[in-house]
A.B. asks: 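One structure, as structure tokens, below. Some questions next.
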Amino acid sequence: MIEDLDIDRRVLFVVGKGGFEDWLPMPLEALDAVTEYLSEYPAQNGPLFRSFTTGRALTPAWIGRLVSRTLYDAGVKVRAYDGMTMHSLRHRFTLDVLESVRDPNLARKATRHRSWSGFQPYTDATVGVETLREIIGERTYATPRPATGA
């Protein structure tokens, strides 16, 4: 809803899975995009993202199609069922936060995962290539060969 947007505080009130409600910060890029959208399609109340023809709220399925089309246009999605979805973006965001803060409890809270059981898979998958390279450093793992000849 438009009234769920607080431009001055740069936050948006959202309702997530299971009725979970929270105020979330908006990056400047997102705030700029929403402000531009509202200048082109002004409204005083009602759904923030709505159909231009009916004025009704966009459904999650419709928003999913818009995201999918945007991913195709950006070259990120290359074919149907390739795993690039809105949900996969949430996974990538969670992994990025976890790798950045390196504190599983803080990352779980920051990404609004309510349970450890839902967050646990991320903690097992956080060692990316660069992190692994950093951990390994200049170490060598070759087994020394025994000297030959006497």
A.B. asks: Can you tell if the side chain of I7 reaches within under 4.5 Å of the side chain of L31, non-hydrogen atoms only?
C.D. replies: yes
A.B. asks: Can you name the closest pair of heavy atoms from S51 and L58 and give their distance?
C.D. replies: N-CD2, 3.7 Å
A.B. asks: How would you list, by chain and number, every residue that makes a ring-ring contact (aromatic ring centres under 6.0 Å, His included) with Y72, sequence neighbours excluded?
C.D. replies: none
A.B. asks: Hey, does the side chain of S100 reach the backbone of D96 with a donor-acceptor pair shorter than 3.5 angstrom?
C.D. replies: no
A.B. asks: Under the side chain to side chain contact (heavy atoms under 4.5 Å, CB included) rule, collect the residues that match up with P27, sequence neighbours excluded.
C.D. replies: E29, A30
A.B. asks: Stepwise, does the side chain to side chain contact (heavy atoms under 4.5 Å, CB included) test hold for Q44 with I2?
C.D. replies: CA-CA 7 Å; Q44 299 304 312; I2 290 175; over 6 Å; no
A.B. asks: Would you please name every residue forming a side chain to side chain contact (heavy atoms under 4.5 Å, CB included) with D82, sequence neighbours left out?
C.D. replies: K77, V78, R79, M84
A.B. asks: What's in the same ILVMFWY side-chain cluster as F13, cut-off under 4.5 Å, chained through other members?
C.D. replies: V11, V15, W23
A.B. asks: Nearest 0.5 Å, please: how far is OG1 in T85 from CG in L71?
C.D. replies: 8.5 Å
A.B. asks: Counting neighbours of CZ on R9 that are heavy atoms of other residues, nucleotides or ligands and sit closer than 6.0 Å, is the number greater than 12?
C.D. replies: yes
A.B. asks: Hey, is the main chain of L106 close enough, under 3.5 Å, to the side chain of R108 for a donor-acceptor pair?
C.D. replies: no
A.B. asks: Determine the minimum heavy-atom distance between P47 and A57, stating which atoms define it.
C.D. replies: CG-N, 3.5 Å
A.B. asks: Could you identify which residues cluster with M1, counting Ile, Leu, Val, Met, Phe, Trp and Tyr as linked when any side-chain heavy atoms lie under 4.5 Å apart, either directly or through a chain of such contacts?
C.D. replies: none
A.B. asks: Which residue pairs satisfy the side-chain hydrogen bond (donor to acceptor under 3.5 Å, both in side chains) criterion with at least one member in residues 59-69, sequence neighbours excluded?
C.D. replies: none
A.B. asks: Any idea which heavy atoms bring V101 and A107 closest together, and the distance?
C.D. replies: CG2-CB, 3.8 Å
A.B. asks: With side chains defined as the heavy atoms from C-beta onward, is the minimum distance between L24 and L12 less than 4.5 Å?
C.D. replies: no
A.B. asks: As a quick check of understanding, evaluate side chain to side chain contact (heavy atoms under 4.5 Å, CB included) for L48 and L38, giving each step before the final call.
C.D. replies: CA-CA 8 Å; L48 178 58; L38 289 173; 4.1 Å; yes
A.B. asks: Can you check whether M26 reaches L5 side chain to side chain, under 4.5 Å on heavy atoms?
C.D. replies: yes
